**Q** 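One structure, as structure tokens, below. Some questions next.
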Amino acid sequence: MQTLATRLTGAAILGAAFLPGTAFADLSTGDVWTHLQQSSSVFGGALSAETSTRGEGLALQNVTFDMTLPFDVGSVSLDLGAFDLIDMGDGRVEMIVPENSTYTLTYSGTDGESFGGAMTMTHQGFTNIFSGSPEEITFDQKAARLDIAIELDDVPEEVMGFSMNGTYLGLVGQSVTKSGEMTTSDITFAADEQNITFNQSMMVDDEGPITAASVMKSGRIEGEMRMVTPSAGIDFTNLAKALREGLVMDMTTRMADYSTEQVTSQGDTLMMAQSSSARSYDSSMKLDASGVTISGPAEDFRLQMEMPMMPGLALGGNIASMSATMQAPLLADDSFGPVAFNLDLNGLTLDDMVWAMGDPMGALPRDPIHLTLDLTGTLKHNVEWLDFANLETNIVALGDRLPVEPGSATLNALRLSAVGAEITGEGAFTFDATDLETFNGMPRPEGKLTLRAKGLFALSPKLVEMGIPAEQVAQSFAMLQMFTTDDFDKGGDTHMTTIEITPDGSVFANGMQLQ
């Protein structure tokens, strides 16, 4: 959302977050206006205005941003009103934005449907200054307070209404954009505090409208972003082409004292309420021709959910720390690309009400739960998924080939510690996509997986104490023991199982052939 604020405050236009430069060089008001127009065209939009000279600057009236949406779904038009570009006399240019501005957004469909609403922006101590040269522009902005509100009331009947309000305190941002064959923008942003609310109403049945309201807050928020775009722009119907031509998005955000609340209701009836909070919450995303990587750690995380329409379902818990990373290739390729999934969850404690749902007598140990999962591997895409306009044709052209072909999978680490027991494991497999018969349409795997369980059999009397019939518990553990062996090297009540798949497709469990 901070990136959205940067764009809106720059001139309340899409793309203004990518404004560029180098200080102490001469920059004219005409250079800035040309730059704003070029920035808006990167994503297929067009920025226009009536321009006139006013004192030491350029007055822009009836500023409009128009954009035709992909896939022939219509167009949007944003009426940005008026603002001035002032020559500061030292090679810099200041954008003067009214303290109170209202912008009108209109959507026009190809079937004649049209709806829209208003966006308002108010600010205190807001400055927007450009410096540098036309080839490299720096855009600096500050605001003691910035408020943005969007109200869509002229909307389709089933939607009924949508509104968003955002407040930022102590906002500081800078972007440096260099132009050439590729346009590179390096952006930094920070705010001392943010508060964002959403409200939406929809009619789904005769019982009345369903209303969803949410609030997101944080203390200090800061981050960096790099965006590299082809100067010819980006075609949203074929993002694969843009990635192959050098599109890069790399963004990191850090938040302190993060919290969210969401409430969904129908009339006076509460359907669901949930909340979450974290002492710190970070996120990062990188997108380029090699693929996408998303990660995000959090500390002192709290999650709570209530659904009154389902009595007894009230969930809540705390996590001391957690982090997750996901990596995957996106483009069709003849070679395999890396994939990864990593989850590290430490100190999960569930509320007593959650435990009471499955263990009302308190038979199970309620020590903090730990989960570590580290998976890596390779795969390749035989379909250009991001060439949306030709996706159906590309899938049909596959014939008997798989759209996604796995190459390898490695379980580097698995550790689940809960209710007094622990499960660990590791293993690795390769896959042969030329053999889709041995495993009924799945590429034939080859490799080995080893799993260990410690303290699992000691749980049996506690399961009986919970109310599970003793005969049922005994049968389950007898079945489990058939597929495990004692692992005396790891101490008492430690069992191990090894699953191996050989090159001819045979499957063994602890040396016993299953297939």
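All values reported here derive from a predicted model rather than from experimental measurement.
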**Q** Are Gln174 and Asp140 close enough, and set up right, to give a side-chain hydrogen bond (donor to acceptor under 3.5 Å, both in side chains), and what steps lead you there?
**A** CA-CA 5 Å; Gln174 183 186 77; Asp140 290 287; 2.7 Å; yes
**Q** Keeping Asp31 on the side-chain end and Leu27 on the backbone end, is there a donor-acceptor pair under 3.5 Å?
**A**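 It does not hold such a pair.
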**Q** Classify the angle between the aromatic ring planes of Phe71 and Phe388 as parallel (below 30°), tilted (30 to 60°) or perpendicular (above 60°).
**A**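 Ring orientation, 0 to 90° scale: perpendicular.
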**Q** Output yes when Asp84 and Arg54 qualify as a salt bridge under the 4.0 Å nitrogen-oxygen rule, no when they do not.
**A**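 Counted as a salt bridge, because a side-chain N and a carboxylate O are separated by less than 4.0 Å.
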**Q** Kindly indicate, with the supporting measurements, whether the criterion side-chain contact (heavy atoms from CB on, under 4.5 Å) is fulfilled by Ile148 and Thr120.
**A** CA-CA 6 Å; Ile148 299 170; Thr120 61; over 6 Å; no
**Q** Taking the side chain from Thr34 and the backbone from Gly30, do they hold a donor-acceptor pair closer than 3.5 Å?
**A**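 A pair under 3.5 Å: yes.
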**Q** Show your reasoning for whether side-chain contact (heavy atoms from CB on, under 4.5 Å) applies to Thr177 and His35.
**A** CA-CA 10 Å; Thr177 301; His35 172 71; 4.3 Å; yes
**Q** Charged N to carboxylate O under 4.0 angstrom, Asp147 versus Arg145?
**A**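 Salt bridge present between Asp147 and Arg145.
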**Q** Between His123 and Pro98 (side chain of the first, backbone of the second, donor and acceptor by atom type, cut-off under 3.5 Å), is there such a pair?
**A**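 Answer holds: yes.
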**Q** Taking all non-hydrogen atoms of both residues into account, name the closest pair between Thr325 and Ser295 and its distance.
**A**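 Between these two residues, the closest heavy atoms are OG1-CB, 3.4 Å.
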**Q** Ignoring hydrogens, what is the shortest heavy-atom contact between Met251 and Phe189? Give both atom names and the distance.
**A**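 Scanning both residues, the minimum pair turns out to be CE-CZ, 3.6 Å.
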**Q** Any side-chain heavy-atom pair from Phe83 and Met95 closer than 4.5 angstrom?
**A**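 Counting from C-beta outward, Phe83 and Met95 do come under 4.5 Å.
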**Q** Taking the side chain as C-beta and beyond, is there a heavy-atom pair between Val263 and Met272 under 4.5 Å?
**A**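 No, side chains not in contact.
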**Q** How far apart are the C-alpha atoms of Asp26 and Arg92, what are their side-chain angles, what is the distance that settles it, and do they pass the salt bridge (charged side-chain N to carboxylate O under 4.0 Å, His left out) test?
**A** CA-CA 7 Å; Asp26 288 337; Arg92 297 182 299 162; over 6 Å; no
**Q** Please list all pairs meeting side-chain hydrogen bond (donor to acceptor under 3.5 Å, both in side chains) that have one or both residues in residues 326-342, counting only residues at least two apart or in different chains.
**A**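 Every side-chain hydrogen bond (donor to acceptor under 3.5 Å, both in side chains) pair that includes a residue of residues 326-342, provided the two are not neighbours, is Asp333-Ser335.
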**Q** Just verifying a value: how many Å separate Leu343 CG and Phe341 CZ, rounded to the nearest 0.5 Å?
**A**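 Separation between the atoms: 5.0 Å.
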**Q** First locate atom CG of Leu315, then atom CD of Gln274, and finally report the distance between them rounded to the nearest 0.5 Å.
**A**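 Here the interatomic distance stands at 10.0 Å.
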**Q** I'd like to know if the side chain of Thr106 pairs up with that of Ser77 as donor and acceptor (distance under 3.5 Å, no hydrogens or angles considered).
**A**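 Side-chain D/A pair, Thr106 to Ser77: absent.
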**Q** Quick one: does Thr253's side chain get under 4.5 Å of Ile221's, heavy atoms only?
**A**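 Sidechains of Ile221 and Thr253: in contact.
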**Q** Rounded to the nearest 0.5 Å, what's the gap from OG1 on Thr264 to CE on Met307? Could you check?
**A**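 It comes to 9.0 Å.
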**Q** Sequence neighbours left out, what passes side-chain hydrogen bond (donor to acceptor under 3.5 Å, both in side chains) with Asp87? Give chain and number order.
**A**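 For Asp87 there are no side-chain hydrogen bond (donor to acceptor under 3.5 Å, both in side chains) partners, ignoring immediate neighbours.
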**Q** How far apart are the C-alpha atoms of Leu411 and Leu373, what are their side-chain angles, what is the distance that settles it, and do they pass the side-chain contact (heavy atoms from CB on, under 4.5 Å) test?
**A** CA-CA 8 Å; Leu411 177 62; Leu373 179 62; 3.8 Å; yes
**Q** Does Glu99 use its side chain to pair, donor to acceptor, with the backbone of Thr122 at less than 3.5 Å?
**A**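 Not a single qualifying donor-acceptor pair exists.
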**Q** I'd like to know if the side chain of Glu299 pairs up with that of Ser321 as donor and acceptor (distance under 3.5 Å, no hydrogens or angles considered).
**A**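 Not at all, the side chains of Glu299 and Ser321 share no donor-acceptor pair under 3.5 Å.
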**Q** Applying ring-ring contact (aromatic ring centres under 6.0 Å, His included), can you list everything that pairs with Tyr107, at least two apart in sequence or on another chain?
**A**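 By the ring-ring contact (aromatic ring centres under 6.0 Å, His included) rule, Tyr107 matches Phe115.
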**Q** Could you report the tightest heavy-atom contact between Trp33 and Leu47, atom names first, then the distance?
**A**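 The pair with the smallest heavy-atom distance is CZ3-CD2, 3.6 Å.
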**Q** So how far is it from Asp387 CG to Glu392 CD, rounded to the nearest 0.5 Å?
**A**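 Asp387 CG to Glu392 CD: 12.5 Å, rounded to 0.5 Å.
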**Q** Heavy-atom count check: over 12 atoms from other residues, nucleotides or ligands less than 6.0 Å from Glu261 CD?
**A**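 No - once you tally the heavy atoms of other residues, nucleotides and ligands closer than 6.0 Å, there are 12 at most.
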**Q** To the nearest 0.5 angstrom, please state how far the CG atom of Asp250 sits from the CE atom of Met227.
**A**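 Answer rounded to 0.5 Å: 11.5 Å.
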**Q** Indicate the atoms forming the closest heavy-atom contact of Leu146 with Met121, along with that distance.
**A**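 Heavy-atom minimum between the residues: CD1-CG, 3.7 Å.
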**Q** Does the side-chain contact (heavy atoms from CB on, under 4.5 Å) test come out yes or no for Asp66 and Val76, once each step is laid out?
**A** CA-CA 6 Å; Asp66 296 294; Val76 292; over 6 Å; no
**Q** Looking only at atom types and distance, does a side-chain atom of Ser231 sit under 3.5 Å from a main-chain N or O of Glu181, one as donor and one as acceptor?
**A**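 Yes, the answer is positive, given that a donor and an acceptor are paired below the 3.5 Å cut-off.
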**Q** Is a side-chain donor or acceptor of His381 paired with a backbone partner of Pro329 at a separation under 3.5 angstrom?
**A**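 Checked: pair present.
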**Q** Step by step, would you call Gln194 with Ser218 a side-chain hydrogen bond (donor to acceptor under 3.5 Å, both in side chains)?
**A** CA-CA 6 Å; Gln194 66 172 340; Ser218 80; 3.1 Å; yes
**Q** Report yes or no: does Asn346 contribute a side-chain atom to a donor-acceptor pair with the main-chain N or O of His370 at less than 3.5 Å?
**A**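 Answer holds: no.
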**Q** Examine distances only and state if a side-chain atom of Asp288 and a backbone atom of Ser290 form a donor-acceptor pair shorter than 3.5 Å.
**A**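 Yes; at least one donor-acceptor contact below 3.5 Å.
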**Q** With rounding to the nearest 0.5 Å, note down the distance linking CG in Leu270 to OG1 in Thr211.
**A**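 Leu270 atom CG to Thr211 atom OG1 measures 11.5 Å (nearest 0.5 Å).
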**Q** Run the side-chain hydrogen bond (donor to acceptor under 3.5 Å, both in side chains) test on Ser75 and Ser108 for me, step by step, so that the C-alpha distance in whole Å, both residues' side-chain angles and the decisive distance to 0.1 Å come before the verdict.
**A** CA-CA 5 Å; Ser75 62; Ser108 299; 4.6 Å; no
**Q** Can you give me the closest heavy-atom contact between Tyr103 and Leu80, atom names plus distance?
**A**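 Where Tyr103 meets Leu80 most closely, the heavy atoms are CE2-O, 3.2 Å.
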**Q** Answer yes if the side chains of Thr372 and Asp344 hold a donor-acceptor pair under 3.5 Å, and no otherwise.
**A**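 Judged by distance alone, the side chains do pair up.
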**Q** With sequence neighbours left out, write down each residue that passes side-chain hydrogen bond (donor to acceptor under 3.5 Å, both in side chains) with Ser276, or none if nothing qualifies.
**A**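 side-chain hydrogen bond (donor to acceptor under 3.5 Å, both in side chains) check on Ser276 returns Thr260.
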**Q** Asp282 versus Thr252: any side-chain heavy-atom pair under 4.5 Å?
**A**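 Side-chain contact under 4.5 Å: no.
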**Q** With side chains defined as the heavy atoms from C-beta onward, is the minimum distance between Leu247 and Val228 less than 4.5 Å?
**A**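 The answer is no; the side chains never approach within 4.5 Å.
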**Q** Considering residues at least two apart in sequence or located in another chain, which fulfil the salt bridge (charged side-chain N to carboxylate O under 4.0 Å, His left out) criterion with Lys241?
**A**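 Salt bridge (charged side-chain N to carboxylate O under 4.0 Å, His left out) check on Lys241 returns Glu245.
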**Q** Under 30°, 30 to 60°, or over 60°: which ring-plane class applies to Phe130 and Phe139, parallel, tilted or perpendicular?
**A**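 Taking Phe139 first and then Phe130, their aromatic rings lie parallel (interplane angle under 30°).
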**Q** Checking Asp79 now: which residues fulfil side-chain hydrogen bond (donor to acceptor under 3.5 Å, both in side chains) with it, not counting sequence neighbours?
**A**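 For Asp79, no residue satisfies side-chain hydrogen bond (donor to acceptor under 3.5 Å, both in side chains) once neighbours in sequence are set aside.
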**Q** Assess whether side-chain hydrogen bond (donor to acceptor under 3.5 Å, both in side chains) is satisfied between Asn195 and Thr167, documenting all intermediate values.
**A** CA-CA 5 Å; Asn195 189 326; Thr167 298; over 6 Å; no
**Q** Search all heavy atoms of Gly44 against all heavy atoms of Met67 and return the closest pair with its distance.
**A**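 Residues Gly44 and Met67, closest heavy atoms: O-CG, 4.0 Å.
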**Q** Does a side-chain N-to-carboxylate-O contact under 4.0 Å join Arg226 and Asp186?
**A**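 Between Asp186 and Arg226 there is a salt bridge, with a charged N closer than 4.0 Å to a carboxylate O.
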**Q** Go through the side-chain N and O atoms of Asn238 and Asp235 and say whether any donor and acceptor fall under 3.5 Å apart.
**A**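 Distance-only check fails for Asn238 and Asp235.
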**Q** For Asn394 and Glu384, does a side-chain donor sit closer than 3.5 Å to a side-chain acceptor?
**A**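 Checked: Asn394/Glu384 side chains show no N/O donor-acceptor pair below 3.5 Å.
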